[in-house]
There are 6 protein chains.
Amino acid sequence: MRISARNILKGKIVDIVKGQTTAHVTIDVGGAIVTASITNESVDDLGLKKGMTASAVIKSSDVMVAVD
Amino acid sequence: MRISARNILKGKIVDIVKGQTTAHVTIDVGGAIVTASITNESVDDLGLKKGMTASAVIKSSDVMVAVD
Amino acid sequence: MRISARNILKGKIVDIVKGQTTAHVTIDVGGAIVTASITNESVDDLGLKKGMTASAVIKSSDVMVAVD
Amino acid sequence: MRISARNILKGKIVDIVKGQTTAHVTIDVGGAIVTASITNESVDDLGLKKGMTASAVIKSSDVMVAVD
Amino acid sequence: MRISARNILKGKIVDIVKGQTTAHVTIDVGGAIVTASITNESVDDLGLKKGMTASAVIKSSDVMVAVD
Amino acid sequence: MRISARNILKGKIVDIVKGQTTAHVTIDVGGAIVTASITNESVDDLGLKKGMTASAVIKSSDVMVAVD
């Protein structure tokens, strides 16, 4: 599957914390750390585990820009 | 200002393309390229320019995870 | 690629309207019509055309529920 | 109330799972299954129950497009 | 129609700027100014005009919190 | 830090409810009540407490418009 989301940042899963319905998955993408809030079902369906290679996928309309 | 968004990826602006109302700003964050769709007004208000240091800011609920 | 987004609605592209930076792609998913606002670059990169089979992909945290 | 969201997919609620603050509501929209992550308060305020008629509402800027 | 979005801020439209596909609608909600990026089609379908009463509707998962 | 998000609504925190991973923070912005779903970590990192001055920050592409 190829997707229209402009941002596909490949890295390695460094942490997974599950709540009752929502999980937080942390991915190291070349030094920068990206946190994703996804459903527990997605964690299970994709078989996500610490140490796995995975990508953070982000639609460009969900990215803001900040300056100091 | 400090913000609740979990993902603040610092980098350098490599491109800015303005449409009639929406602009696409591309930021190099340590090798990975992140594209943001923001309003033209934001580009002007923040004084964004190619080569500037800037951060891509993303709420964790807007990040998905993909595996091959 | 498999993705954490819970909603992957397969259908057929019925319309594509490009603006200067943003395009609107309309997909018929089994009778229901779904409109996606994506970048022009995505339309070009994926080679999207009217009549093509394509899926509307939506993160569950972006879905609201309404009742009459 | 009429809303600017382009995508209003009418169907029937097939499942509701509540977490501590966030609930997952699954709606069958003419065969396709759509999952919404909404607050528990919304579930209570709208009186959502399995079997009810309800619509999945999605802003077009939150819809991505994927192809095989 | 009642919707699960937690934030429905009633006010008055103070400006509408249309691009080729995307419009920016500005609403004064009791002093605070809220800008919405919506499709041109939505502006036309809802018959939005300066001076009209309208609400800004925002899903709580799209709201961040900032402190100084 | 200055950010591209068009909507920065300053107010006072009136309630914080934590779930296992996600918290709901309610802010009174000049009379209107805005609810934010953010991670528990953000609540802790920003030191959010009832009565504090804080802003609700919302990207304009996440704002819809509704009329009666």
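Naming convention: chains lettered A, B, ... in sequence-line order (proteins, then strands); numbering from 1 in each chain.
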Which atoms of [X] come close to chain F, meaning under 4.5 Å heavy atom to heavy atom: side chain ones, backbone ones, both, or neither?
X       : value
E/Ile3  : neither
E/Met1  : neither
E/Val25 : side chain

Would you mind telling me which of E/Ile38, E/Ile8, E/Val34, E/Asn7 has the largest number of heavy-atom pairs within less than 4.5 Å of chain F?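 Highest number of heavy-atom pairs under 4.5 Å: E/Asn7.
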
Among E/Thr22, E/Thr35, E/Ile58, E/Val67, residue most engaged with chain F (heavy-atom pairs, under 4.5 Å):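 Ranked by heavy-atom pairs under 4.5 Å with chain F, first place is E/Thr35.
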
Given heavy-atom pairs under 4.5 angstrom as the criterion, report whether the side chain, backbone, both or neither of F/Leu48 touches chain E.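 Contact with chain E is through the side chain of F/Leu48 alone.
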
Distance, nearest 0.5 Å, that separates CZ of E/Arg6 from CD1 of F/Ile33: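 That separation rounds to 12.5 Å.
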
Which of these, E/Val57, E/Val43, E/Ile27, sits in a side chain to side chain contact (heavy atoms under 4.5 Å, CB included) with F/Val65?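 The single option meeting the side chain to side chain contact (heavy atoms under 4.5 Å, CB included) with F/Val65 is E/Ile27.
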
Check the side chains of F/Ser60 and E/Ser37 for a donor-acceptor pair under 3.5 angstrom, ignoring hydrogens and angles.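 F/Ser60 and E/Ser37 do have a side-chain donor-acceptor pair below 3.5 Å.
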
